[in-house]
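Here is the structure we will look at.
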Amino acid sequence: MDKALYTMIEQFIIKAHCAEPMHIGSGDKDKGYILLDEESNQPFIPATGLAGVFRSCYEEKFGREAACELFGTIANAEMPDSLIKFSDGKFLTSGGTVKVEIRPRLALDPATGTVSSSKTKGEGIASGHKFEMQYVGTGAELQFEITIRSVKSYVDNLSECFSEINNGSIRFGGQKSNGCGVIYIDNVEYSRYDMKDKTARSAWEVGKSYNEKKLEIKEKKSSMAYTIHLSGKTDGEMLVKAISSRIYDSDSPDAENIRNALDEYIVPGSSVKGAVRNRMNMIRKYLGLPEDVIYHAFGRAEDKGISGYVGNISFRDIVVGDKKSNSKSPVRNRIHIDKFSGAVINGNLFSEKNVHGKLKIEIQISDNRYSDETFALLIFALRDLAAETYSLGSGYNIGKGFIKTDEIEVETGTGQKMCISYDETGKAEMDDRDSIIKKAMESLKLLKQEV
């Protein structure tokens, strides 16, 4: 008699929510659209996407051989098919629809740091690459199922993966380095069916839970090489522009600060990333370091035979202040100035609604090539941000977007910590008893010697 293919079925019903916006691309030519289910017209995460994320996490924790045993492989015909099955991730809708955020984006030329443009064929007209990107909104709830048919239990290993997801190390979908794809698992219902038991088999056949229990997801520290938090408040006001489209009346501003699906006023992770990248690259050039250190930090697209790769640094959206207080902020009227003559442009009065308040910036660096060098350049860039030598958002020339920093906290993947504290005058005091900064700066010295 042939050996049984499986004697046990384990079923996991996972409920989670988006801690940050999520972008699951539609694959259409218009790259800003999210994937929608044809029947419900609601966004979803395809099972293949979930399987890919879990396999990558599983292989990193338990090795390639263990991952092939559970997820299967096409490279070895002697290995069994996949033992694990995923459902699509369906977003739950209490009000009948999922909130979708639309954010403006710019395609940048990585060589110059400026907005890239292209010429319309036959016209000779150059146009900027501004486009809109869709995201499933922050706070959206989702549910998916995992089923494993095997002769042994995998519940402990899957629980390890759930913990990795909850510490923010694992992200889903696209735009990960811009702060997207972070989910938090709220609840896992686990059922175990012993196929040698008649009662269990009957329960499985009719789709009834059996030996059901709620899994405890243990808290784990992030596996990132570095996690950095900068806390402070706006020094004045800030504006990351979004077209004001929620209220249509004579008193509504022409532009207000961008908001997420929870109506919180934010600086998108992509905006923080752009400002910090620009500053890190300036510092890199000043120190005479190779451009590779920036590519490995922020990623590189495939181009002319050069392989692309994902960067090792990621950002998250920043919530600015209290939304009730910011919603009551006054509307500021401004005039357009001709940048060539310095004169007022007749009839070009416009209005803006700015934000202010406390904020916290979170940045993570994964344990890949140049992680120490990335951290060193980042600390220089954050020092400059704390010194208010550059800003976030628009209005630099009129004093908007500057951050009055309270402290910069750093924790490594091995549990070492450092802190830079700032007093009211901006004077800094550093506590680096684990010599984290020294190690990072030494990596820059060694890199420069290789040039």
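Computed from a prediction, not measured in an experiment: that's the story for all the values here. Along the sequence shown, the residues carry numbers beginning at 1.
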Exercise for the section: Calculate, to the nearest 0.5 Å, the distance between atoms NZ and CG belonging to K404 and D406 respectively. Expected result: 8.5 Å
Exercise for the section: Test H17 against E141 for side-chain hydrogen bond (donor to acceptor under 3.5 Å, both in side chains), laying out the working first. Expected result: CA-CA 4 Å; H17 71 271; E141 298 177 336; over 6 Å; no
Exercise for the section: Would you check if there is a donor-acceptor pair between the side chains of Y190 and E10 at a distance under 3.5 Å? Expected result: yes
Exercise for the section: Work out which heavy atom in G393 is nearest to a heavy atom in V240; give both atom names and the distance. Expected result: CA-CG2, 3.9 Å
Exercise for the section: Any chance you could lay out the ring pair (Phe, Tyr, Trp, His ring centres under 6.0 Å) test for F86 and F144, step after step, and finish with the verdict? Expected result: CA-CA 7 Å; F86 290 80; F144 60 96; 7.1 Å; no
Practice task
Return the minimal non-hydrogen interatomic distance between C18 and F91, and the atom names on each side.
Solution key: SG-CE2, 3.8 Å
Problem - Polar side-chain atom of T412 near backbone of Q416 as donor-acceptor pair, under 3.5 Å - result: yes
Practice task
Go through the steps to decide whether E264 and K323 satisfy the test salt bridge (Lys or Arg N to Asp or Glu O under 4.0 Å), and finish with yes or no.
Solution key: CA-CA 6 Å; E264 296 167 323; K323 63 183 179 182; 5.7 Å; no
Fill in the blank from the handout: Between I363 and the options Y226, F375, F315, the side chain to side chain contact (heavy atoms under 4.5 Å, CB included) test singles out F315
Problem - Polar contact flag, side-chain donor to acceptor under 3.5 angstrom, H23-Q175 - result: no
Exercise for the section: Output yes when a side-chain donor or acceptor of S394 lies under 3.5 Å from a complementary backbone atom of L239, and no otherwise. Expected result: yes
Handout entry: Between NZ on residue K417 and CG on residue D432, distance to nearest 0.5 Å
Key = 13.5 Å
Handout entry: Donor-acceptor contact below 3.5 Å, side chain T389 vs main chain D384
Key = yes
Handout entry: Other residues, nucleotides, ligands: >12 heavy atoms within 6.0 Å of K61 NZ
Key = yes
Handout entry: Taking every non-hydrogen atom, the tightest pair across C57 and C161
Key = SG-SG, 3.7 Å
Problem - Close side-chain approach of E352 and K400, heavy atoms under 4.5 Å - result: yes
Exercise for the section: Supply the atom-to-atom distance L377 CG to N281 CG, rounded to the nearest 0.5 angstrom. Expected result: 9.0 Å
Practice task
Flag the pair F12 / F162 as yes when at least one side-chain heavy-atom distance between them is below 4.5 Å, and no otherwise.
Solution key: yes
Practice task
Measure the shortest side-chain to side-chain distance between I318 and L392 over non-hydrogen atoms and say whether it is less than 4.5 angstrom.
Solution key: yes
Handout entry: Over 12 foreign heavy atoms within 6.0 Å of NZ, K439
Key = no
Handout entry: side chain to side chain contact (heavy atoms under 4.5 Å, CB included) partner of N368, chosen from N312, V310, T374
Key = N312
Practice task
For the pair D88 (side chain) and P46 (backbone), establish whether a donor and an acceptor sit closer than 3.5 Å, ignoring hydrogens and angles.
Solution key: no
Fill in the blank from the handout: Tightest non-hydrogen contact, residues I228 and I408, listed as CG2-CG2, 3.9 Å
Handout entry: N/O donor-acceptor pair under 3.5 Å between R284 side chain and L289 backbone
Key = yes
Practice task
Report the distance from atom CD of E407 to atom CG of D423, rounding to the nearest 0.5 Å.
Solution key: 13.0 Å
Handout entry: Contact check, side chains of H356 and M238, non-hydrogen atoms, under 4.5 Å
Key = no
Exercise for the section: Would you indicate whether the side-chain heavy atoms of F44 and I24 approach each other to under 4.5 Å? Expected result: no
Handout entry: Main-chain N/O of L287 paired to K448 side chain as donor or acceptor, under 3.5 Å
Key = yes
Practice task
Evaluate the side-chain proximity of L158 to V188: yes if any heavy-atom separation is below 4.5 Å, no if none is.
Solution key: no
Exercise for the section: Spell out, as yes or no, whether a donor-acceptor pair under 3.5 Å connects the side chain of T234 to the backbone of G236. Expected result: yes
Exercise for the section: Please name the pair of heavy atoms, one in I13 and one in E145, separated by the smallest distance, quoted to 0.1 Å. Expected result: CG1-CG, 4.1 Å
Exercise for the section: Heavy atoms only: give me the nearest S314-K176 pair and the separation to one decimal. Expected result: CB-O, 4.0 Å
Handout entry: Polar side-chain atom of D322 near backbone of K324 as donor-acceptor pair, under 3.5 Å
Key = yes
Problem - Validation row, ring centre F62 to ring centre Y58 under 6.0 Å - result: yes
Practice task
Report yes or no: is the cationic atom of R103 (NZ for Lys, CZ for Arg) under 6.0 Å from the centre of the six-membered ring of Y135, at an angle within 45° of the ring normal?
Solution key: yes
Exercise for the section: Measure the CZ-OG distance between R277 and S177 for me, rounded to the nearest 0.5 Å. Expected result: 9.5 Å
Completion exercise
dist I185:CD1 -> K15:NZ (nearest 0.5 Å) comes out at 13.5 Å
Problem - From CA spacing to verdict: side-chain hydrogen bond (donor to acceptor under 3.5 Å, both in side chains), N166, S163 - result: CA-CA 5 Å; N166 273 13; S163 295; over 6 Å; no
Practice task
Determine whether I34 and P43 make a side-chain contact, defined as any pair of heavy atoms from C-beta on separated by less than 4.5 Å.
Solution key: yes
Practice task
Return yes if some donor-acceptor pair links the side-chain N/O of E101 with the main-chain N/O of A261 below 3.5 Å, else return no.
Solution key: yes
Handout entry: Short side-chain to backbone donor-acceptor contact, S443 and A440, under 3.5 Å
Key = yes
Handout entry: F402-Y390 aromatic ring centre distance below 6.0 Å
Key = no
Practice task
State, with a plain yes or no, whether a side-chain heavy atom of Y184 is found less than 4.5 Å away from one of D186.
Solution key: yes
Problem - Worked check of salt bridge (Lys or Arg N to Asp or Glu O under 4.0 Å) between E424 and K427 - result: CA-CA 7 Å; E424 285 297 317; K427 183 179 179 181; over 6 Å; no
Practice task
May I have the step-by-step check of side-chain hydrogen bond (donor to acceptor under 3.5 Å, both in side chains) for N187 and E189, ending in yes or no?
Solution key: CA-CA 7 Å; N187 185 57; E189 296 295 338; 3.1 Å; yes
